[in-house]
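Because the structure is predicted, anything quoted here is derived from the model rather than measured.
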Amino acid sequence: MNIVVCVKHVPDAQGERGFSDDNTTDRENVDGLLSELDEYAVEAALKITEAEGGEVTALTVGPADAVDAVKKALQMGADKAVHVSDDAIAGSDALATSLILAEAIKKVGQPDIVLFGLASTDGGMSVVPAMVAERLGLPQVTQVSTLEVADGNVTGRRDSDVASETLVASIPAVVSVTDQINEPRYPSFKGIMAAKKKPVEEMSLGDLGVDAGQVGLDNASTKVLDTTKRPPREQGEVITDEGDGGKKLVEFLAGQKLI
Amino acid sequence: MNTSFLAADNLTDEYADLQKMVRDFSQKVVAPVSAEHDKNHTFPYEVVKGMAEMGLFGLPFPEEYGGMDGDYFALCLALEELAKVDQSVAITLEAGVGLGAMPIFRFGNEEQKTEWLPQLASGEALGGFGLTEAGAGSDASGTKTTAREDGDEWVINGSKQFITNSGTDITKLVTVTAVTGESQTSDGRTKKEISTIIVPTSTPGFTAEPAYDKVGWNASDTHPLSFDDVRVPKANLLGERGRGYANFLRILDEGRIAIAALAVGAAQGCVDESVKYAKERQAFGQNIGAHQAIQFKIARMEARAHAARSAYYNAAALMLAGKPFKKAASVAKMVASEAAMDNARDATQVHGGYGFMNEYTVSRHYRDSKILEIGEGTTEVQLMLIARELGL
């Protein structure tokens with residue numbers, strides 16, 4: 001069972017995140033790390049290969065620093081990594097990213113499962129897994145909080161506000177998992193040392209046969225025109241109980257259309 | 001010129017990655033449960049299990065004994081990160097490695113190492129070291145616990161005090177110092193012969209008495225131990241007979257570097273918490289961090305932590321290079337424990353009334369840090385050792 005886990009290097013959510021002058025994510029002034037939601041995908045992949053055998057390849061697209069994302073996956077236990085990097089990629093939207101990922105996956109050799117996390121913790125769009133599935137012509141089982149592999153199928157449960165759906169797809173398939181699926185492991189020191197010896201293959205757009213005119217900020221199909229900093233959180237309203245606290249609470253909740 | 005000496009902002013990849021990983025673990029796994037374990041005086045089994053899975057208990061040991069093939073400095077980095085948020089957790093690791101496993105690794109024979117190290121290095125089991133008694137601490141000549149030979153066995157009687165990790169559900173052994181005989185010195189005095197013996201905690205007659213009610217380190221497991229005709233095989237003698245205390249001194253020397261690292265973590269944790277709080281808390285129309293009185297206090301705290309860190313990095317670098325490190329270890333232990341105590345006091349002051357509330361990290365550091373000036377050799381013992389190294 002060979003798995004490609006697609007991971008993203010994102011600005012640390014605990015840092016002061018912001019935008020650059022061209023309205024793309026500022027990656028200079030905040031330390032980056034493996035998107036925490038992607039750790040669940042790495043863990044899911046490792047669990048499968050530990051049970052079934054096979055290899056886990058961590059794949060990322062991003063500037064030079066983004067290699068840290070796959071490095072973390074290698075420390076956790078992935079076997080090898082691919083880092084696609086090219087100046088022309090900067091500012092790519094989800095469509096272009098999915099094209100690059102799909103071509104990189106083909107280049108690696110079609111795996112049995114392509115795994116993703118729920119969303120990146122910066123863009124947070126959750127659309128790339130479906131786009132990659134479409135580009136590869138594979139079935140997609142997205143946003144599942146359980147995952148089983150048996151008899152040539154993947155089965156997962158997708159929980160929504162109104163129902164839980166059980167999704168089954170034949171392998172090969174594209175799967176994205178939520179943060180409910182497992183508890184990602186911390187790399188052991190042995191894992192950290194071992195990761196240094198694991199192969200990280202660097203690829204450019206040219207290696208993938210992707211034309212620079214299909215990707216990057218100038219060719220994005222959406223454009224961020226402006227960003228506004230979120231206003232600081234205001235202090236909540238304190239209701240003092242002077243015998244009518246209950247009534248005031250209800251009025252407040254009704255005023256917010258919460259009841 | 002070789003510039004590969006250790007420096008805080010210039011750690012090589014594997015050290016930096018380990019530091020990052022333990023920092024992350026401390027914030028996400030340790031910090032959320034620290035106040036609760038401190039309040040209830042409970043041992044953080046779930047945290048210890050997490051540390052075990054990350055291989056922290058095996059950091060300085062070779063792979064053949066279930067270790068991680070790291071080194072003592074890697075252990076120090078882990079201790080510093082853990083102690084920023086929880087000294088009890090950090091001392092559990094420090095004692096587990098430094099006092100539980102290290103004596104067996106350094107002085108054990110092949111059978112002893114093969115039997116005990118894999119379980120200790122994996123963190124599946126904990127070991128303690130029983131040296132201190134009611135009348136014996138830094139001065140080992142007061143040791144009253146005895147081990148008498150009887151056939152193929154040692155018969156141990158006596159008691160020990162303040163033994164870390166000695167009564168948890170996963171404690172498997174305590175290595176104890178005991179008087180195994182007497183010898184005559186050249187000037188005709190009688191000298192106690194002290195040896196170290198491995199005592200499995202399942203041995204009849206061994207009792208971990210009820211845990212102490214301590215000022216701090218509440219989530220660390222500490223008990224008095226009693227030995228009532230405890231019989232263990234003669235093969236459990238650790239190292240050479242009569243070399244028990246001498247062996248332990250070597251363990252103490254390197255243990256001081258580890259305690260220094262732990263103390264630096266505490267000192268830095270106080271800085272980090274104070275900076276955070278000083279940026280949030282408003283007084284007289286601005287953040288308290290905008291007031292010079294607070295800025296200078298925190299700047300001084302940072303300087304203490306920084307200087308103490310340099311001291312323990314230096315001691316660790318000397319030790320790893322195989323150079324004499326006794327004085328450097330004593331200096332590091334002393335300045336770091338004082339930095340922790342001073343910073344805990346100042347951080348509590350920065351936090352005002354909240355700093356006096358037990359659930360705040362700085363208040364825990366305030367209670368926890370005092371022991372750093374006492375355990376593994378008091379400040380006075382460090383001064384004595386430093387003076388001795390100066391030929392005084």
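Applying the 6.0 Å contact sphere to CE of A/Met125 captures no more than 12 heavy atoms from other residues, nucleotides or ligands. Within a 6.0 Å radius of CD in A/Glu148, no more than 12 heavy atoms belonging to other residues, nucleotides or ligands are found. The 12-atom threshold is not exceeded at CG of A/Asp87, counting heavy atoms of other residues, nucleotides or ligands nearer than 6.0 Å.
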Polar contacts chain A-chain B (donor-acceptor, d < 3.5 Å, no H, no angle):
from     : atom 1 : to      : atom 2 : distance (Å)
A/Glu36  : OE2    : B/Lys28 : NZ     : 3.3
A/Gln75  : NE2    : B/Asp17 : OD2    : 2.9
A/Phe189 : N      : B/Met54 : O      : 3.2
A/Lys196 : NZ     : B/Glu14 : OE1    : 2.6

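Taking both residues in full, the closest heavy atoms of B/Gly70 and A/Phe189 are given as CA-CE2, 3.3 Å, listed atom of the first, atom of the second, then distance.
Heavy atoms closer than 4.5 Å to chain A are found in the side chain of B/Leu59, but not in its backbone.
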